[in-house]
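Here is the structure we will look at, set down as structure tokens.
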Amino acid sequence: MPVFNIERGESLGILIQQIINGLSLGSVYALIAVGYSLVYSILMFSNFAHGGFLVIGGYICYFVLKDMGAGILIAGFLSLLGAGAAAILTERLAYKPIREKTNNTLYLLIASMGMSIVIENIFVVTIGGRFRALPDIIPTTPIHLSGMATISAFDLISLLAAVVFLSILQLILVKTKWGLAIRAAAYNLRIASLMGVNVNLLISLTFFIAGTLASVGGIFLAVRYTLYPQLGGITIKAFVAAVIGGLGSLPGAVVGSIILGLAEMLTAGFISSQLRDLVVFFFLVITLLVRPQGLFGKDVGEKV
Amino acid sequence: MSAYTEGIICVLCINAIAVMGVSLVTGYTGIFSLGHAGYMAIGAYTAAILTARYSFYFIPAIVAGGLLAALIAYIIGVPTLKLVGDYYAIASIGLGEAIRLILENGGTFTRGARGFPGIPNYTNLTVAVCSFVIMAFLMFNLINGRFGRAFKACRDDYIAASLLGYNTAKYRILSLVISGFYCGVAGALLGGFLLYIKPLMFDMMKSTELTSVVVFGGLGSMSGTLLGMVIITLITEVFRPISQYRMLIYGAILVIIMVLRPEGIMGQYEFGPGMFKAIKEKFKGDHYSEEGRKV
């Protein structure tokens, strides 16, 4: 039920609080959405197994923390490596044979759905589908902002981590030779290969980057919502964010994620928390009706 | 016939109606969809509410479910299908999820996430088989006639089709509307068979299943779709005792099919004398190829 009977100062506090929550959630979406967009920009298909990489990263982090007693830095590092390796393996096993055989991206799309079902159910079969809470690795102590709003340290840390990782990605893309190759491949994969880029290595690298970013998002989502095999399903929202921003555009993915995170949290705070998921898909449908190529999309859909 | 066998036949007939709809839109018209479970949900809830709450006779309730699903398909199809590209596919994800969420938050009207119990048992063996026969008869007539050729023209080369005077957007929308009707009817029958429906039954996994059955059977082959549906339904039935491995095996089959034979089990062939003729021609062609080896 809407809460309108609160006093004015309090509602301003809630507004600030929800904006910070929204930015924090949006930044986690951004880490995942960027992976979707990166893969889409090169192979022109939506990799629905992306949610699986996130779950793999989350579980590696959980088990390293719990069973090996390692610190968060080691656990995080291992989970990034593991999710990246899983992404490369997925590409080599399922996508490479298909893309060598045919140009039709529909087959890749369906294979990616198959892979997402496989990854999810490997966890269900081997370690069970119960919800697991990560140990307290990220502080969630409340921080008071001059008496007006109370925010969690966790939200600030996840926002900060997203900014750091996205900046690293941007540096890789702009400053390194392989970043240049990825940008060239996003422009045209075939021409990039004619220019002497090792396409298979490049695609593996892209999947590795997408997997590591998904894993960072996965750890933060696992802290926020606990860890379970179906956690990857939440990436559908990140996918929607990537579409709103324009599939294949990295700034678009970030902007779309922030919009979505804010919309979701403001709806939850001021209207009803049951409607927050509906708002996401409402945004998707509106985007497709008004501007189908997304905010930053380059390809204008051709009229039939 | 045991009740179990009857149940399997009913499930097969209901699934067949749904996948025929998806095959028309994905296989014949080349529009990829990830939200057809949403149309099934509309059909199921419409029929359930009409029969259980307003005590309608089941036939008008089923038809109403199909028509409402077709109407929703029209509303979502008009803006997205005028564009070339995957826009409908993406919109359909949003649509399917939005329908599910609306049903979950529908209050007393849809009874929310816990589901809608107490649907009268109107889908028995006779109803299921008769619906399947009628729908299949109409579908095979449709795809072998003028409209079927127009749909295929839109799929294979929309520029050439539009130069021949086809309004391709109109045909794409028509195909989606018909397919929405089929899925709506299938959903309505499913409600009458299970006597209980809940929004989670029509999630994205169900939509994926519908589309992957079509791809598994062969894009552009109606009989291949039906064959693929029978195989997948029976495989999942066989693996029911080890249900935790069922989805794992299902996912793995999907990937393996895509890697080994992406055109599906039937390719674009239909059952009948034409299929054997075409296969014979193919082997003949191999035999006399210029290099003198099988290609």
Side-chain angles (χ1 to χ4, degrees), chain A residues 44-46 48-49 90 93-98 101-102 104-122 124-125 128-129 233 236-237 239-240 243 247 272 274-275 277-290 292-294 299-304, chain B residues 26 30 32 34 76 79-91 93-102 104-105 112 154 158-159 161-162 167-170 172 203-205 208-209 211-212 215-216 219 244-260 262-263:
Chain A
M44 305 302 286
F45 84 105
S46 315
F48 285 110
T90 304
L93 279 180
Y95 306 154
K96 190 163 173 264
I98 299 174
K101 209 184 277 181
T102 162
N104 195 339
T105 53
L106 176 68
Y107 302 133
L108 288 171
L109 199 67
I110 299 210
S112 78
M113 290 182 153
M115 279 315 287
S116 106
I117 298 175
V118 167
I119 295 174
E120 184 184 310
N121 285 283
I122 283 177
V124 173
V125 168
I236 197 75
K237 284 183 191 164
F239 175 68
V240 169
V243 172
L247 263 179
S272 150
Q274 288 175 330
L275 288 180
D277 291 344
L278 204 53
V279 167
V280 171
F281 297 108
F282 175 74
F283 264 87
L284 174 68
V285 173
I286 294 293
T287 308
L288 288 169
L289 296 187
V290 178
Q293 73 271 33
D299 292 341
V300 179
E302 203 177 337
K303 286 260 177 184
V304 183
Chain B
T26 303
F32 192 52
L34 293 168
I76 203 76
T80 49
L81 287 180
K82 283 185 176 167
L83 299 162
V84 174
D86 294 335
Y87 296 111
Y88 177 74
I90 297 168
I93 299 177
L95 177 79
E97 291 292 292
I99 289 173
R100 187 173 66 76
L101 289 166
I102 288 171
E104 278 182 6
N105 294 308
C154 296
Y158 70 93
I159 296 174
S162 59
N167 183 347
T168 53
K170 201 182 92 184
R172 283 152 66 93
D203 60 352
M204 202 177 141
M205 193 58 102
T208 315
E209 202 183 306
T211 303
S212 38
V215 176
F216 175 66
L219 283 171
Q244 57 179 150
Y245 290 95
R246 208 172 63 155
M247 288 312 286
L248 185 63
I249 293 165
Y250 171 68
I253 289 177
L254 219 56
V255 177
I256 292 168
I257 285 282
M258 284 301 105
V259 170
L260 296 182
E263 67 270 35

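No hydrogens, no waters, no symmetry mates; every other heavy atom, side chains included, goes into these values. Each chain gets a letter, A, B and so on, in the order its sequence line appears, and its residues count up from 1. Please read all numbers here as calculations on a predicted model, not as lab measurements.
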Is the shortest side-chain heavy-atom distance between A:F282 and B:L101 below 4.5 Å?
no
Those residues at least two apart in sequence (or on a different chain) that pass side-chain hydrogen bond (donor to acceptor under 3.5 Å, both in side chains) with A:N121 are none
Side-chain contact, heavy-atom cut-off 4.5 Å: B:M204 with A:M113?
yes
Greatest number of non-hydrogen atom pairs under 4.5 angstrom with chain B, of A:L284, A:T287, A:I110, falls to A:I110
Is it the side chain or the backbone of B:I102 that comes within 4.5 Å of chain A heavy atoms, both, or neither?
both
Do A:D277 and B:E97 have side chains that approach each other closer than 4.5 Å (heavy atoms only, starting at C-beta)?
no
Residue pair B:G94 / A:F281: nearest heavy atoms and the distance that separates them
CA-CD2, 3.6 Å
Roughly how far apart are B:I93 CD1 and A:I236 CD1, rounded to 0.5 Å?
4.5 Å
Scanning both residues in full, the closest heavy-atom pair of A:A94 with B:V255 reads CB-CG1, 3.8 Å
To the closest 0.5 Å, what do you measure between CE (B:M258) and OG (A:S112)?
11.0 Å
Heaviest contributor of heavy-atom pairs below 4.5 Å to chain B, chosen from A:I119, A:L109, A:L93, A:T102, is A:L109
Do other residues, nucleotides or ligands put more than 12 heavy atoms under 6.0 Å from the NZ atom of A:K101?
yes
Measuring heavy-atom distances to chain A, does B:I253 have an atom under 4.5 Å in its side chain, in its backbone, in both, or in neither?
neither
Which bit of B:V259 comes within less than 4.5 Å of chain A, counting heavy atoms only: side chain, backbone, both or neither?
both
